[in-house]
Amino acid sequence: MIREILQNQEILLNIKNLTLNFNTDRGEITALDGIELRLYKNESLGLVGETGCGKSVTALSIMRLIPVPPGKIGQGEILFDGKDLLKIPETEMRRTRGGKISMIFQEPSTSLNPVFKVGDQILEAVQLHQRVDKMTAKNKAVQMLERVGMPDPKDIINRYPHELSGGMQQRIMIAMALSSNPKLLIADEPTTALDVTTQAQILDLINELKKDIISSMLLITHDLGIVAEICDRVAVMYTGNIIEQAGLRALFKTPLHPYTQGLLNAIPNMNAPKGELGFIPGTIPDLTKLPQGCKFNPRCPQQMEICLKKRPGLREVREDHFVACHLYSK
């Protein structure tokens, strides 16, 4: 049944075998190593993993915001609505970026221009992508601020970013991102810089907007609790690879990859014996000294001989449940 539903859905974003390298003082490192990722229309996909695994770099690659140099796409495709974003001209990419694809960044205080009023910044986004006059754009800006729950939006549009709290700045960023009615919203750790109460408010807002405005969303986070609240499917990332991808319920109920199992076991659980908290031994390997075979093998409690020699590919082992692990190669 799940497979039939997915087959009937149209693919909005399809990343195929994407490789991204960076030149550093310590030599060339591979930040993304053959990424395979699909996002369907009208769904929310959570991309999770530890800090430094390549989540944000994946988002910046989609937006084509990786500086070249030091970054360089080695191979692969980023198909959005059937077009390869890596091959279209920069002029067309500018129209796509912020128009058809919008992004909410981690730090709203560094994403907003401190010398311009927030209203002018929203107006610029609306006029750039919708080609309307200033008065229409201003009305749109006020409407979007109302939609994201900003108090007295007509006053807010005349304020500078530093006059607003972190939560209000993030609401401004959400209003700006959605003002052009994008087909895809990328939210990169949208609650990282906020206090717990404000985080809950922003998550409630995103959940509400998802039902009414947001068509498809890629949510990047390391917080599995946020994923459980918002997403339909989940992709787990480790050292530049997608190692597991499945529907939300399937991944939480029956995680297949030892790394995913470790992540879920590390979530605090009041029913755990003696209040014990699970953990994953070791640390993420240095990208200049990656292990042979499966990159998780130095930390894996179920390591086998083949894990030291051969890297496992992502394969479907259950309906719409993909995993890259030799435990399921038979």
Look up atom SG in Cys294 and atom CG in Asn241, then write down how far apart they are to the nearest 0.5 Å. 8.5 Å

In terms of hydrophobic clusters joined by side-chain contacts under 4.5 Å, are Leu45 and Leu60 together? yes

Could you walk me through whether Leu112 and Gln121 pass side-chain contact (heavy atoms from CB on, under 4.5 Å), step by step? CA-CA 8 Å; Leu112 292 167; Gln121 297 185 55; 3.7 Å; yes

Is the shortest side-chain heavy-atom distance between Gln245 and His321 below 4.5 Å? no

For the side chain of Glu28 and the backbone of Phe22, is there at least one donor-acceptor N/O pair under 3.5 Å apart? no

Strictly distance-based, threshold 3.5 Å: is any side-chain N or O of Asn17 a donor or acceptor partner for the main-chain N or O of Gly76? no

Using side-chain heavy atoms (C-beta onward) and a distance below 4.5 Å, is Phe80 in contact with Lys100? yes

Are Val227 and Ile242 co-members of a hydrophobic cluster defined by side-chain heavy atoms under 4.5 Å apart? no

Does the side chain of Lys309 come within less than 4.5 Å of Gln292's, by heavy atoms? no

Looking at Cys307 and Asn297, what are the two nearest heavy atoms and their distance? O-ND2, 3.4 Å

If you compare all heavy atoms of Gly98 against all heavy atoms of Ser180, which two are closest, and at what distance to 0.1 Å? O-OG, 2.6 Å

Would you say the side-chain atoms of Asn42 and Ser215 include a donor-acceptor pair closer than 3.5 Å? no

Ile156 with Leu205, same ILVMFWY side-chain cluster at under 4.5 Å: yes

For the student: nearest non-hydrogen atoms of Gln127 and Ala137, plus distance: CG-CB, 3.6 Å

Where do Glu92 and Lys83 land on the side-chain contact (heavy atoms from CB on, under 4.5 Å) test, with the steps shown first? CA-CA 11 Å; Glu92 185 178 350; Lys83 284 188 177 182; 2.7 Å; yes

Intermediate values then yes/no, side-chain contact (heavy atoms from CB on, under 4.5 Å), Ile202 and Gln199: CA-CA 5 Å; Ile202 294 299; Gln199 281 185 18; 5.9 Å; no

Sidechain-backbone polar pair: Thr30 side chain, Asp33 backbone, donor-acceptor under 3.5 Å: no

Evaluate the criterion side-chain contact (heavy atoms from CB on, under 4.5 Å) for residue pair Met150 and Ile172; output intermediate values, then yes/no. CA-CA 8 Å; Met150 290 292 283; Ile172 295 291; 3.9 Å; yes

Asp286 and Thr288: side chain donor to acceptor below 3.5 Å: yes

Does any part of the side chain of Phe116, heavy atoms only, come nearer than 4.5 Å to the side chain of Glu124, both counted from C-beta? no

For Asp133 and Thr136, does a side-chain donor sit closer than 3.5 Å to a side-chain acceptor? yes

Separation of Asn181 CG from Ser179 OG (nearest 0.5 Å): 8.0 Å

dist Ile284:CD1 -> Thr51:OG1 (nearest 0.5 Å) comes out at 7.5 Å

Lys41 with Asp81: basic N within carboxylate O range, under 4.0 Å: yes

Does Lys138 NZ have over 12 foreign heavy atoms under 6.0 Å away? no

Show the nearest heavy-atom pair for residues Gly167 and Thr198, with the distance to one decimal. CA-CG2, 3.4 Å

Would you mind reporting whether Val236 and Leu263 have side-chain heavy atoms less than 4.5 Å apart? yes

Is any side-chain heavy atom of Val323 closer than 4.5 Å to one of Arg318? no

Quick one, Lys134 and Leu123 - any side-chain contact, counting heavy atoms below 4.5 Å? yes

Quick check: does any side chain N or O of Arg64 sit under 3.5 Å from a backbone N or O of Arg97, one acting as donor and the other as acceptor? no

Would you say the side-chain atoms of Gln170 pair up with the backbone N or O of Pro190, donor to acceptor, closer than 3.5 Å? yes

Are Met237 and Ile243 side-chain neighbours, meaning at least one heavy-atom pair lies under 4.5 Å? no

If hydrophobic clusters are built by linking Ile, Leu, Val, Met, Phe, Trp and Tyr wherever their side-chain heavy atoms come under 4.5 Å apart, do Leu327 and Leu308 end up in the same one? no

Shared hydrophobic cluster for Leu251 and Leu218 (ILVMFWY, side-chain gaps under 4.5 Å): no

Salt bridge (Lys or Arg N to Asp or Glu O under 4.0 Å), that's the test. Do Glu208 and Arg147 meet it? Break it down for me. CA-CA 10 Å; Glu208 182 184 342; Arg147 191 68 187 82; 3.5 Å; yes

Minimum-distance pair of heavy atoms, taken over all atoms of Lys154 and Val142: CG-CG1, 4.2 Å

Kindly check if the number of other-residue, nucleotide or ligand heavy atoms within 6.0 Å of CD (Glu90) is above 12? yes

Once rounded to the nearest 0.5 Å, what's the spacing between atom CG of Asp188 and atom CG of Leu47? 9.0 Å

Gln75 and side-chain contact (heavy atoms from CB on, under 4.5 Å): which partner among Thr19, Leu18, Leu86? Thr19

Hey, mind stepping through Glu50 and Arg299 against salt bridge (Lys or Arg N to Asp or Glu O under 4.0 Å) and telling me if it holds? CA-CA 14 Å; Glu50 294 174 84; Arg299 308 172 69 187; 3.2 Å; yes

Minimal non-hydrogen separation, Leu65 against Phe105, with atom names: CD1-CZ, 4.3 Å

Under a 3.5 Å distance rule, please check whether Lys183 uses its side chain to pair with a backbone N or O of Ile101 as donor and acceptor. no

Indicate yes or no for a side-chain donor-acceptor contact from Asp232 to the backbone of Ser44 under 3.5 Å, with no hydrogens or angles considered. yes

Ring-plane angle category for Tyr259 and His257, please: parallel below 30°, perpendicular beyond 60°, tilted otherwise. perpendicular

Thr260 side chain to Leu256 main-chain N or O, any donor-acceptor pair under 3.5 Å? no

For the side chain of Glu43 and the backbone of Met217, is there at least one donor-acceptor N/O pair under 3.5 Å apart? no

What is the distance from atom CG of Leu13 to atom CG of Leu85, rounded to the nearest 0.5 Å? 7.5 Å

Arg311 side chain vs Gly293 backbone, donor-acceptor pair below 3.5 Å: no

Rounded to the nearest 0.5 Å, how far does CD1 of Ile62 lie from OG1 of Thr96? 13.0 Å

